[in-house]
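What you see below is based on every heavy atom in this structure, not just the backbone, and it leaves out hydrogens, waters and symmetry mates. Note on naming: letters A, B, ... go to the chains in the order of the sequence lines (proteins, then strands), and numbering restarts at 1 for each one.
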Number of protein chains: 2
Amino acid sequence: MARAGLSTERLTRAGAELADEVGFDQVTVSALARRFDVKVASLYSHVKSSQDLKTRIALLALEELADRAADAMAGRAGKDALAAFANVLRDYAREHPGRYTAARLRLDPETAAASAGVRHARMMRAILRGYDLEEPDQTHAVRLLGSVFHGYVELEASGGFSHSAPDSQESWSRILDSLDALLRNWPAAS
Amino acid sequence: MARAGLSTERLTRAGAELADEVGFDQVTVSALARRFDVKVASLYSHVKSSQDLKTRIALLALEELADRAADAMAGRAGKDALAAFANVLRDYAREHPGRYTAARLRLDPETAAASAGVRHARMMRAILRGYDLEEPDQTHAVRLLGSVFHGYVELEASGGFSHSAPDSQESWSRILDSLDALLRNWPAAS
DNA sequence: TGATTTGCCTAAAGGGTTTAGGCAACTGCA
DNA sequence: TGCAGTTGCCTAAACCCTTTAGGCAAATCA
């Protein structure tokens with residue numbers, strides 16, 4: 001019987017594609033086995049469990065996202081860097097909704113620490129270097145940006161802003177403008 | 001054989017409790033049947049499907065949330081109203097994580113239109129009446145606030161801010177301050 | 001070429017979802 | 001109060017997903 005050429009790598013990639021096609025939570029070991037025209041049990045030589053598969057897809061997505069963000073931010077600072085980073089996030093989510101959802105999977109601490117998530121955090125700090133913020137305000141700002149970006153992208157993905165004026169692109173631009181303004185004039189602690 | 005006294009109402013409430021205890025996506029018709037010490041098939045007289053059950057829990061959570069928010073906002077305006085609304089969201093999420101997750105379930109358009117979600121939207125607009133924003137900036141601001149609130153609460157729930165200084169409460173306060181400042185000085189379109 | 005490793009398979013158990021059909025327990029009406 | 005009709009929970013069964021154990025054949029390497 002001919003072998004299918006499975007590997008952890010290929011399964012992870014195929015899983016990511018499947019996620020984009022049918023949604024991350026429809027990614028199942030069974031569905032993946034069907035895609036490779038192989039029996040379900042065969043996948044368990046390459047992947048420990050369904051959870052393991054999902055974690056690998058999440059890590060892949062985080063890497064891709066970090067790579068794109070690093071690329072986009074190269075040579076930029078201030079508002080340009082802010083917009084570049086934010087747009088990478090939003091575009092990735094629109095292009096690869098399943099992978100984006102995967103990237104938001106809750107990872108256990110060690111896995112998270114070894115993931116590209118730390119690159120994301122560093123890039124966020126790098127953006128803020130273009131503004132004049134001391135600690136702890138810098139941390140507050142990191143948290144604000146993270147919340148806005150992820151929050152907006154998620155609301156947009158769930159259809160919250162579609163079919164209503166003004167269109168989402170305009171809100172997005174204006175929100176980036178307003179965040180830039182806010183970071184330039186960060187209010188002192190009350 | 002004694003009857004268990006099931007009803008759609010009771011199942012929905014029990015489902016909400018179960019969600020808070022074990023997580024919304026662990027809410028299953030089977031688990032609920034166990035909780036009532038009843039056979040699984042029995043629930044299907046009261047609930048159309050697993051999806052139906054989840055939707056009902058989501059609608060319950062949206063109602064509770066809207067009730068609390070309306071309460072908290074009564075008699076407040078400006079920053080007070082902003083903070084009241086935001087704190088209700090955050091507190092509810094901390095108190096009832098499963099219900100909060102449920103409230104974020106993607107509903108089909110008609111269901112959403114008939115849900116307490118519309119009250120949320122109206123309250124958001126009410127908050128902005130305390131600031132001087134014309135359309136379309138008011139809509140942009142609604143979207144920004146929605147993104148920040150949901151984004152922050154979600155990142156916080158997933159442990160993103162724990163075990164790191166400054167503590168989450170401080171960031172939350174400062175972020176509310178900064179949003180207030182931003183809304184008072186909303187930048188003109190570029 | 002023969003021995004070993006590797007890869008995919010069959011088999012089976014366990015759990016969730018959902019439907020069909022049955023009997024017992026309530027409800028309401030005479 | 002007694003009986004008919006309705007309602008509520010049950011058994012049974014089909015289908016899908018996960019995961020483990022153990023087997024045979026294909027690839028690899030000596």
Rounded to the nearest Å, what distance is computed from the [atom1] atom of residue [X] to the [atom2] atom of nucleotide [N]?
| X | N | atom1 | atom2 | answer |
| --- | --- | --- | --- | --- |
| A:Q26 | C:dT17 | CD | P | 14 Å |
| B:Y44 | C:dG21 | OH | P | 18 Å |
| A:K39 | C:dT10 | NZ | P | 5 Å |
| B:L11 | D:dC9 | CG | P | 9 Å |
| A:L32 | C:dC8 | CG | P | 13 Å |
| B:D37 | D:dC9 | CG | P | 12 Å |
| B:R10 | D:dG8 | CZ | P | 13 Å |
| A:D52 | D:dT18 | CG | P | 13 Å |

Report yes if at least one side-chain N or O of [X] is closer than 4.0 Å to OP1 or OP2 of [N]; otherwise report no.
| X | N | result |
| --- | --- | --- |
| A:R34 | D:dC17 | yes |
| B:S30 | C:dG15 | no |
| B:S50 | C:dT17 | yes |
| A:S42 | C:dC9 | yes |
| A:H46 | C:dT6 | no |
| A:T28 | D:dT18 | yes |

Sugar-phosphate only, base, or nothing, as touched by A:A4 at under 4.0 Å among non-hydrogen atoms: sugar-phosphate

Touch class at under 4.0 angstrom, heavy-atom based, for B:L43 against every strand present: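 The residue B:L43 makes no contact with any strand.
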
Check: [Y] and [X] side chains under 4.5 Å, non-hydrogen atoms:
| X | Y | result |
| --- | --- | --- |
| B:H46 | B:R56 | no |
| B:V142 | A:S171 | no |
| B:Y131 | B:L82 | yes |
| A:H140 | A:W186 | yes |

Selection from C:dT17, D:dC9, D:dT20 that lies nearest to any side-chain heavy atom of B:L6: D:dC9

From A:L128 atom CG to A:E134 atom CD, the distance as rounded to the nearest 0.5 Å: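 The CG atom of A:L128 sits 12.0 Å away from the CD atom of A:E134.
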
